[in-house]
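Below, chains carry the letters A, B, ... as their sequence lines are ordered, and counting in each starts from 1.
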Number of protein chains: 2
Amino acid sequence: MDRKTRLKQSGLSCTRWRYSILKILKDSHLPLTSKDIYKMLPNPKPNLATVYRNLNRLVEKNLVRCVTLGERARYYELIQPDSHKHRIICKTCGQIEAFEPVGCDLKSFEKLIREKFNFKVEEHSLEFFGTCPRCQSLYQQN
Amino acid sequence: MDRKTRLKQSGLSCTRWRYSILKILKDSHLPLTSKDIYKMLPNPKPNLATVYRNLNRLVEKNLVRCVTLGERARYYELIQPDSHKHRIICKTCGQIEAFEPVGCDLKSFEKLIREKFNFKVEEHSLEFFGTCPRCQSLYQQN
DNA sequence: ATGTATTTGCAAATATTTTGCAATCATTTT
DNA sequence: AAAATGATTGCAAAATATTTGCAAATACAT
């Protein structure tokens, strides 16, 4: 489905900036901060407040997810109904890498939670923190 | 090991506030924000900056972990070598609940990551987002 | 008890996100 | 296609969260 239809369906009008922000998120394989997105927007740029307002709107309508990684700021990513990612984050350089969960059996986990806590799981986030190959060799911490 | 020894071992002096902050984190079964901690400190309270500085110091020395849950601010929790928690967070009311991972087989997951990406996993964080029992009945969203 | 390095309080600086309001834009109705 | 209406935008200012410089106070090894 194209972005314009996607927006319409969610009851959001398709404005210039909203559309661009959604495109940027769609094209990024990593979650982005508001600043990242601001920087990637073409000139003439909108006001930063506009970026924030749009992100909030998109999150509210469940088109975008807000994730918070490690000790840094908020990140945003497009919600794609058919795929979700797990992430590995280097504690030394902060680099983030995302990968499709392979053989991730969290479904059964979620079922357990439903049974035990009567909590309805809608999504999960799984991040691994550690040291990336580059930092391992740079700092010999093996 | 008592807190004082723990601090010493990490090369941190045992100051009044550092000690209190560590105690508060130890006694909490949930991660806390800087504000939470500030509020829980006894009168006369230290400066908020002192809380921040201590938290940063404790994180740096790996006595405390900084986690970021959902869309809210930074949370801090004591690192306990022998246990780690997973969390369920209600997207509606923001309530956080922690539980000991039961039959969590992320170890093999971590091994895979090591093999595939040559990334050294040091810790992971797993959170489930959804709707808590109370909000489910309040808002009939089943 | 003393000396030194670390920590603290305070106030001010940064950083991040939100808000009010008038002007502008998107979309529906005519 | 123009008008009407409701949502969105820019701008500046506010709110919130976190960090910093510096002088005074504290921790702790000697």
Q | CZ-CG distance between B:Arg65 and B:Leu58, expressed to the nearest 0.5 angstrom | A | 13.0 Å

Q: Start with the C-alpha distance between B:Asn47 and B:Thr50, add both sets of side-chain angles, then the distance that settles side chain to side chain donor-acceptor pair (under 3.5 Å), and finish with yes or no.
A: CA-CA 5 Å; B:Asn47 197 275; B:Thr50 298; 5.3 Å; no

Any side-chain N or O of [X] under 4.0 Å from OP1/OP2 of [N]?
X: B:Thr15; N: C:dT8; value: yes
X: A:Thr50; N: D:dG10; value: yes
X: B:Trp17; N: C:dG9; value: yes
X: B:Asn54; N: C:dT7; value: no
X: B:Tyr52; N: D:dT19; value: no

Q) Checking A:Lys45 against A:Tyr38: charged group under 6.0 Å from the ring centre and within 45 degrees of the axis? A)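 Yes, a cation-pi geometry.
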
Integer-rounded Å distance: [N] [atom2] and [X] [atom1]:
X: A:Tyr38; N: C:dT17; atom1: OH; atom2: P; value: 15 Å
X: B:Leu48; N: D:dT20; atom1: CG; atom2: C1'; value: 14 Å
X: B:Asn43; N: C:dG9; atom1: CG; atom2: P; value: 13 Å
X: A:Leu55; N: C:dT16; atom1: CG; atom2: C1'; value: 13 Å
X: B:Lys35; N: D:dT18; atom1: NZ; atom2: P; value: 8 Å
X: B:Asn47; N: C:dA11; atom1: CG; atom2: C1'; value: 9 Å
X: B:Ile37; N: D:dA17; atom1: CD1; atom2: P; value: 14 Å
X: A:Lys39; N: C:dA15; atom1: NZ; atom2: C1'; value: 13 Å

Side-chain donor-acceptor pair under 3.5 Å between [X] and [Y], yes or no?
X: A:Thr131; Y: B:Glu122; value: yes
X: B:Arg18; Y: B:Ser13; value: yes
X: A:Ser125; Y: A:Glu127; value: yes

Q.
Any residue in residues 2-14 of chain B with a heavy atom nearer than 4.0 angstrom to DNA chain C? Just list them by number, or reply none.
A.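 Output list: B:Ser13.
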
Q. Taking for each residue the nucleotide of DNA chain C bearing the nearest heavy atom, is the 5' side occupied by B:Ala49 or by B:Arg18?
A.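 It is B:Arg18 whose nearest nucleotide is closer to the 5' end.
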
Q: Could you tell me how the ring of A:Phe117 sits relative to the ring of B:Phe99: parallel (under 30°), tilted (30 to 60°) or perpendicular (over 60°)?
A: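 A:Phe117 vs B:Phe99 ring planes: tilted.
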
Q.
For B:Phe109 and A:Phe128, take the angle between the two ring planes, folded into 0 to 90°, and tell me which bin it lands in: parallel under 30, tilted 30 to 60, perpendicular over 60.
A. tilted

Q: Among C:dT17, D:dT18, C:dG9, find the nucleotide with the atom closest to the side chain of B:Arg74.
A: D:dT18

Q: Could you check which of D:dG10, D:dA27, D:dT8 has an atom nearest any side-chain atom of A:Arg57?
A: D:dT8

Q. Passes salt bridge (charged side-chain N to carboxylate O under 4.0 Å, His left out), A:Glu110 versus A:Arg114? Steps please.
A. CA-CA 6 Å; A:Glu110 295 184 359; A:Arg114 168 107 229 187; over 6 Å; no

(Q) Please report the end-to-end axis angle for the helix from C:dA1-D:dT30 to C:dT30-D:dA1, five pairs per end, rounded to 10 degrees. (A) 40°

Report each atom pair, protein N/O against N/O of nucleotides 21-24 of chain C, whose distance is under 3.5 angstrom.
none

(Q) I'd like to know if B:Glu77 pairs up with B:Lys26 as an ion pair, taking the criterion as any Lys NZ or Arg NE/NH1/NH2 lying under 4.0 Å from an Asp or Glu carboxylate oxygen. (A) no

Q: Group every Ile, Leu, Val, Met, Phe, Trp and Tyr by side-chain heavy-atom contacts under 4.5 Å, then state whether B:Leu55 and B:Met40 land in the same group.
A: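 Result: yes, single cluster for both.
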
Q. DNA chain D: A:Lys45 or B:Tyr76, which has the more 5' nearest nucleotide?
A. A:Lys45

Q: Might you work through the side-chain contact (heavy atoms from CB on, under 4.5 Å) test for A:Val64 and A:Ile21, ending with a clear yes or no?
A: CA-CA 10 Å; A:Val64 165; A:Ile21 289 170; over 6 Å; no

